[in-house]
Amino acid sequence: MLLHGGDGWGILPDRDEALWRGLIAAQKAGQARSIGLSNHNREEVEQLIAKTKVVPAVNQLEYHPWVPSETKDLVRWCQSQGIVVTAYGSLGGSTNQARGEVVSKVAAKYGRTNAQVLLRWALDQGIAVIPGTNSEQHIREDLDLDFHLDPKDAQLLEASDAPASFTRWRNCRTGCA
(Lines give C-alpha, C1' and ligand atoms only; values in the text may rest on other atoms or scores of the structure.)
Protein backbone atom coordinates (compact mmCIF):
# COMPACT_ATOMS: atom_id res chain seq x y z
CA MET A 1 0.00 0.00 0.00
CA LEU A 2 1.46 3.34 -1.01
CA LEU A 3 1.09 6.84 0.37
CA HIS A 4 0.85 9.03 -2.69
CA GLY A 5 1.88 12.63 -2.77
CA GLY A 6 3.88 14.73 -0.45
CA ASP A 7 4.47 18.43 -0.85
CA GLY A 8 4.28 18.23 -4.65
CA TRP A 9 0.65 17.24 -4.27
CA GLY A 10 -0.12 19.85 -1.63
CA ILE A 11 0.15 17.49 1.34
CA LEU A 12 1.83 19.35 4.16
CA PRO A 13 4.36 17.53 6.38
CA ASP A 14 2.02 17.07 9.37
CA ARG A 15 -0.67 15.55 7.15
CA ASP A 16 1.91 13.38 5.36
CA GLU A 17 3.10 12.06 8.74
CA ALA A 18 -0.45 11.35 9.90
CA LEU A 19 -1.20 9.46 6.71
CA TRP A 20 2.07 7.51 6.99
CA ARG A 21 1.20 6.58 10.59
CA GLY A 22 -2.14 5.31 9.26
CA LEU A 23 -0.32 3.00 6.85
CA ILE A 24 1.97 1.83 9.66
CA ALA A 25 -1.12 0.99 11.75
CA ALA A 26 -2.69 -0.86 8.80
CA GLN A 27 0.49 -2.90 8.38
CA LYS A 28 0.65 -3.74 12.10
CA ALA A 29 -3.01 -4.82 11.96
CA GLY A 30 -2.22 -7.17 9.08
CA GLN A 31 -4.19 -5.12 6.58
CA ALA A 32 -1.14 -4.39 4.42
CA ARG A 33 1.86 -6.60 3.86
CA SER A 34 4.20 -3.82 2.76
CA ILE A 35 3.91 -0.05 2.88
CA GLY A 36 5.68 2.57 0.87
CA LEU A 37 5.57 5.97 -0.73
CA SER A 38 4.96 7.47 -4.13
CA ASN A 39 6.41 10.76 -5.35
CA HIS A 40 8.23 11.62 -2.14
CA ASN A 41 11.57 13.41 -2.27
CA ARG A 42 14.52 12.64 -0.01
CA GLU A 43 13.67 15.28 2.59
CA GLU A 44 10.11 13.98 2.89
CA VAL A 45 11.27 10.37 3.22
CA GLU A 46 13.89 11.31 5.81
CA GLN A 47 11.30 13.25 7.84
CA LEU A 48 8.87 10.33 7.86
CA ILE A 49 11.59 7.88 8.92
CA ALA A 50 12.87 10.24 11.63
CA LYS A 51 9.39 10.78 13.08
CA THR A 52 8.16 7.17 12.90
CA LYS A 53 11.31 5.01 12.75
CA VAL A 54 9.67 3.07 9.89
CA VAL A 55 11.50 2.84 6.57
CA PRO A 56 9.22 2.57 3.55
CA ALA A 57 9.58 -0.59 1.49
CA VAL A 58 9.33 1.35 -1.77
CA ASN A 59 9.25 4.83 -3.29
CA GLN A 60 7.41 4.88 -6.61
CA LEU A 61 8.70 7.55 -8.99
CA GLU A 62 8.58 8.60 -12.59
CA TYR A 63 11.76 7.12 -14.02
CA HIS A 64 13.20 6.99 -17.52
CA PRO A 65 16.44 8.16 -19.16
CA TRP A 66 15.26 11.78 -19.30
CA VAL A 67 14.44 12.46 -15.66
CA PRO A 68 16.49 15.26 -14.09
CA SER A 69 19.70 14.47 -12.23
CA GLU A 70 17.96 15.15 -8.90
CA THR A 71 15.68 12.17 -9.57
CA LYS A 72 18.67 9.96 -10.34
CA ASP A 73 20.27 11.16 -7.09
CA LEU A 74 17.07 10.32 -5.21
CA VAL A 75 17.04 6.83 -6.73
CA ARG A 76 20.64 6.17 -5.65
CA TRP A 77 19.87 7.46 -2.15
CA CYS A 78 16.74 5.28 -1.83
CA GLN A 79 18.71 2.24 -2.95
CA SER A 80 21.45 3.02 -0.42
CA GLN A 81 18.77 3.05 2.30
CA GLY A 82 17.26 -0.28 1.24
CA ILE A 83 14.20 1.39 -0.25
CA VAL A 84 13.12 -0.25 -3.51
CA VAL A 85 12.39 2.16 -6.33
CA THR A 86 9.50 1.37 -8.63
CA ALA A 87 9.32 3.26 -11.93
CA TYR A 88 6.15 4.50 -13.53
CA GLY A 89 5.98 6.59 -16.68
CA SER A 90 8.88 4.69 -18.24
CA LEU A 91 7.21 4.67 -21.64
CA GLY A 92 5.97 8.26 -21.74
CA GLY A 93 2.40 7.97 -20.55
CA SER A 94 -0.62 5.85 -21.32
CA THR A 95 -0.16 5.95 -25.09
CA ASN A 96 3.44 4.64 -25.08
CA GLN A 97 5.32 7.59 -26.48
CA ALA A 98 8.63 5.69 -26.28
CA ARG A 99 9.86 7.02 -29.56
CA GLY A 100 12.92 8.89 -30.63
CA GLU A 101 15.86 8.46 -32.94
CA VAL A 102 18.32 7.24 -30.30
CA VAL A 103 15.81 4.88 -28.66
CA SER A 104 14.98 3.42 -32.07
CA LYS A 105 18.65 2.94 -32.98
CA VAL A 106 19.38 1.16 -29.69
CA ALA A 107 16.25 -0.99 -30.10
CA ALA A 108 17.29 -1.97 -33.64
CA LYS A 109 20.76 -2.94 -32.43
CA TYR A 110 19.26 -5.43 -29.97
CA GLY A 111 16.35 -6.51 -32.17
CA ARG A 112 13.89 -5.21 -29.56
CA THR A 113 11.09 -2.68 -29.32
CA ASN A 114 11.63 0.83 -28.01
CA ALA A 115 9.53 -0.05 -24.96
CA GLN A 116 11.69 -3.10 -24.22
CA VAL A 117 14.83 -0.97 -24.38
CA LEU A 118 13.44 1.62 -21.96
CA LEU A 119 12.21 -1.01 -19.52
CA ARG A 120 15.55 -2.85 -19.68
CA TRP A 121 17.36 0.46 -19.08
CA ALA A 122 15.55 0.82 -15.75
CA LEU A 123 15.87 -2.84 -14.78
CA ASP A 124 19.63 -2.72 -15.41
CA GLN A 125 19.77 -0.05 -12.69
CA GLY A 126 17.93 -2.18 -10.15
CA ILE A 127 14.62 -0.37 -10.64
CA ALA A 128 11.32 -2.25 -10.65
CA VAL A 129 9.07 -1.26 -13.55
CA ILE A 130 5.29 -1.21 -13.85
CA PRO A 131 4.41 -0.61 -17.49
CA GLY A 132 0.75 -0.51 -18.31
CA THR A 133 -0.94 -1.88 -21.40
CA ASN A 134 -4.22 -3.32 -22.58
CA SER A 135 -2.61 -5.30 -25.39
CA GLU A 136 -1.67 -8.96 -24.93
CA GLN A 137 1.16 -8.46 -27.45
CA HIS A 138 2.60 -5.58 -25.44
CA ILE A 139 2.29 -7.52 -22.18
CA ARG A 140 4.29 -10.35 -23.75
CA GLU A 141 6.88 -7.90 -25.10
CA ASP A 142 7.15 -6.15 -21.73
CA LEU A 143 7.92 -9.51 -20.08
CA ASP A 144 10.49 -10.52 -22.72
CA LEU A 145 13.42 -8.60 -21.27
CA ASP A 146 16.09 -11.31 -21.20
CA PHE A 147 18.86 -9.06 -22.47
CA HIS A 148 21.02 -6.29 -21.02
CA LEU A 149 22.12 -2.98 -22.47
CA ASP A 150 25.76 -2.25 -23.01
CA PRO A 151 26.69 0.63 -20.66
CA LYS A 152 27.55 2.76 -23.71
CA ASP A 153 24.03 2.30 -25.07
CA ALA A 154 22.55 3.24 -21.69
CA GLN A 155 24.66 6.41 -21.74
CA LEU A 156 23.47 7.18 -25.27
CA LEU A 157 19.86 7.01 -24.09
CA GLU A 158 20.54 9.25 -21.11
CA ALA A 159 22.41 11.81 -23.22
CA SER A 160 19.70 11.98 -25.88
CA ASP A 161 16.85 14.43 -25.93
CA ALA A 162 13.51 13.15 -24.69
CA PRO A 163 11.14 12.42 -27.56
CA ALA A 164 8.98 15.48 -28.27
CA SER A 165 5.79 13.53 -27.60
CA PHE A 166 7.03 12.11 -24.29
CA THR A 167 4.65 12.90 -21.41
CA ARG A 168 6.28 14.13 -18.20
CA TRP A 169 4.39 13.89 -14.96
CA ARG A 170 4.67 16.69 -12.43
CA ASN A 171 5.35 15.07 -9.11
CA CYS A 172 7.39 16.65 -6.38
CA ARG A 173 8.00 20.34 -6.09
CA THR A 174 11.67 19.53 -5.59
CA GLY A 175 13.88 16.49 -5.46
CA CYS A 176 12.17 13.83 -7.52
CA ALA A 177 11.15 14.99 -10.98
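Under the rule for a ring-ring contact (aromatic ring centres under 6.0 Å, His included), the partners of H4 that lie at least two apart in sequence or sit in another chain are W9. In this structure, A25 has no side-chain contact (heavy atoms from CB on, under 4.5 Å) partners at least two apart in sequence or on a different chain. Shown here are the side chain to side chain donor-acceptor pair (under 3.5 Å) partners of S104, two or more places apart in sequence or in another chain: N114. The side chain to side chain donor-acceptor pair (under 3.5 Å) check on R140 picks up E136, with sequence neighbours excluded. Qualifying side-chain contact (heavy atoms from CB on, under 4.5 Å) partners for E141, counting only residues two or more places apart in sequence or in other chains: T113, Q116, Q137, H138. When the side chain to side chain donor-acceptor pair (under 3.5 Å) test is applied to Q27, no partner is found at least two apart in sequence or on another chain. Take R15 and apply the side chain to side chain donor-acceptor pair (under 3.5 Å) test, not counting sequence neighbours, and it matches no residue.
Counting only residues at least two apart or on different chains, the salt bridge (Lys or Arg N to Asp or Glu O under 4.0 Å) pairs with a member in residues 108-127 are K109-D153, R112-D144, R112-D146, R120-D124. Judged as a salt bridge (Lys or Arg N to Asp or Glu O under 4.0 Å), the pairs with a partner in residues 21-32 (not counting sequence neighbours) are, in order, E17-R21. Among residues at least two apart or in separate chains, ring-ring contact (aromatic ring centres under 6.0 Å, His included) pairs with a member in residues 102-132 are Y63-W121, Y110-F147.
The hydrophobic cluster around I139 extends to L143, counting ILVMFWY residues whose side-chain heavy atoms fall within less than 4.5 Å of a member.
Scanning all heavy atoms of the two residues, the minimum distance from T52 to W20 falls at OG1-NE1, 3.3 Å. G36 and L23 make their closest contact through O-CD1, 4.0 Å (heavy atoms, listed as atom of the first residue, atom of the second, distance).
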Could you list the donor-acceptor pairs under 3.5 angstrom formed by side chains in residues 76-84, with sequence neighbours left out?
unit_1: R76; atom_1: NH2; unit_2: D73; atom_2: OD1; d: 2.5
unit_1: Q79; atom_1: NE2; unit_2: Q125; atom_2: O; d: 2.9
unit_1: S80; atom_1: OG; unit_2: W77; atom_2: O; d: 2.7

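Side-chain atoms of Q60 and S38 include a donor-acceptor pair closer than 3.5 Å.
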